[in-house]
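I have placed the structure first, in the form of structure tokens, so that the comments after it can refer back to it.
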2 protein chains.
Amino acid sequence: MGVTQKTLERRLLDALSERGLRQTGQRRTIADVFFDGGRQEHLGLEEIHRRARQRDRRIGYATVYRTMKLLSELGLAQERRFGDGLVRYEVAEAGHHHDHLICTRCARILEFEEPRIEALQERVAAAHGFTIEWHRHEIYGVCDRCSGPAG
Amino acid sequence: MGVTQKTLERRLLDALSERGLRQTGQRRTIADVFFDGGRQEHLGLEEIHRRARQRDRRIGYATVYRTMKLLSELGLAQERRFGDGLVRYEVAEAGHHHDHLICTRCARILEFEEPRIEALQERVAAAHGFTIEWHRHEIYGVCDRCSGPAG
DNA sequence: CTCATTGCAAATAATTTGCATGTAA
DNA sequence: TTACATGCAAATTATTTGCAATGAG
């Protein structure tokens, strides 16, 4: 519940009122759950729903679905698909881009940043006359924990 | 229908007999369709099914599904998910790794290879004690055709 | 002959939507 | 008040599976 989260909540409230959308208990609860967990974890709808219901039992799956879609549109969440047939959401922190290392044994997800890769990527795109909107770079393999002596 | 295709067909037949699996008309037709189109295009099951039925109207969707799964297991096809909620297949050419530029306007998919990115990726993984199994690097944006004068 | 393979239809799994009801502004 | 938002249940969408019939070896 650091400074960043306050900013995220504020950004949400601002974005809602800017667009004439309503501030509801459900939206706040779902956003809280997401802002709490979605910075480190990559949460699926089911998991967000489960956590939101711990705080307010009345929250329905469809509301979670629609709220997360909304957060994506507002630029506060990013949808990710890691190929397990599940949409996952992570907090979109302004200016903080990163990519992922995904363990195929324990499903742990690590993040990495490599400016030199980003730079090369720009060149590749330019060479094809391509204007980048976004990208994803996912490395699948076995993490240190899983390949260790006990792994 | 170049040299490579012959090799792919041969590889399929060899793999089938090696494992005591049967060579059927459907499998040959589906593989042909896929080997013809899957090197340049990234075909979904529906499309493969459609094309296969042009050659043999009796071929069912489930057979396409199972045959493509089989080709993946045999190492002749690679499953790709570009986030449009559709599994796509492309021919796995031995030793020829590449990544993708995906146009968000016309859905055209270009391929690229950049050894320096691959090398940096190795370092990133090593720094996290991570053993790479495979990766995907997808760049989404607008292609030259779509951003041109008429675009 | 035998057992892998096929095609159909039905089952899953996850996402998305329709609609009557609730509620923030 | 009055649109927007919610919850439920049902619709979609794509994938996956069960099973009786078929056919390769």
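Residue numbering restarts at 1 for every chain, and letters A, B, ... go by the order of the sequence lines.
- Using a 4.0 Å heavy-atom cutoff across all strands shown, Glu46(A) reaches no nucleic acid atom at all.
- Exactly one residue among Phe34(B), Phe82(B), Tyr89(B) makes a ring pair (Phe, Tyr, Trp, His ring centres under 6.0 Å) with His42(B). That residue is Phe82(B).
- Residue Tyr61(B) has no polar side-chain atom (N or O) positioned under 4.0 Å from OP1 or OP2 of dA9(C).
- In this structure, the CG atom of Leu13(A) is 10 Å from the P atom of dA25(C), given to the nearest Å.
- Spacing between atom CZ of Arg50(A) and atom C1' of dA14(C) amounts to 18 Å, rounded to whole angstrom units.
- A donor-acceptor pair shorter than 3.5 Å can be found between the side chains of Asp99(B) and His135(B).
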Point to revise | Worked verdict on Glu73(B) versus Arg19(B) for salt bridge (charged side-chain N to carboxylate O under 4.0 Å, His left out) | key: CA-CA 12 Å; Glu73(B) 284 158 18; Arg19(B) 304 183 190 219; over 6 Å; no

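- Rounding to whole angstrom units, CG of residue Leu70(B) and C1' of dA4(C) are separated by 12 Å.
- The side chain of Thr24(A) lies closest to dT6(D) when the candidates are dT6(D), dA24(D), dT15(D).
- We find that CD of Gln26(A) is positioned 11 Å from P of dA5(D), with the value rounded to whole Å.
- Of the candidates dA4(C), dG7(C), dG7(D), the closest approach to any side-chain atom of Leu21(B) belongs to dA4(C).
- Contact check, Gln23(B) against dT5(C): no side-chain N or O comes under 4.0 Å of OP1 or OP2.
- In this entry the distance linking NZ of Lys69(B) with P of dT15(D) reads 9 Å, nearest Å.
- In terms of polar N and O atoms assigned as donor or acceptor, the side chain of Arg22(A) comes within less than 3.5 Å of the base of dA3(D) in a complementary pairing.
- The CZ atom of Arg28(B) lies 9.5 Å from the CG atom of Leu12(B); values are rounded to the nearest 0.5 Å.
- With rounding to whole Å, Leu45(B) atom CG is found 8 Å from dT16(D) atom P.
- With DNA chain D read from its 5' end, the first of the two nearest nucleotides for Tyr65(B) and Gly25(B) is the one closest to Tyr65(B).
- Spacing between atom CD of Glu73(A) and atom C1' of dA5(D) amounts to 15 Å, rounded to whole angstrom units.
- Base contact: Arg66(B) has a heavy atom under 4.0 Å from a base atom.
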Practice item. Show your working on ring-ring contact (aromatic ring centres under 6.0 Å, His included) between His128(B) and Phe112(A) and close with a plain yes or no. Key: CA-CA 9 Å; His128(B) 285 81; Phe112(A) 72 90; 7.1 Å; no

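- A straight line from CD of Glu79(A) to P of dT16(C) spans 7 Å, rounded to a whole angstrom.
- Listed candidates were dC8(C), dA14(C), dA14(D). Nearest to the side chain of Leu86(A) is dA14(C).
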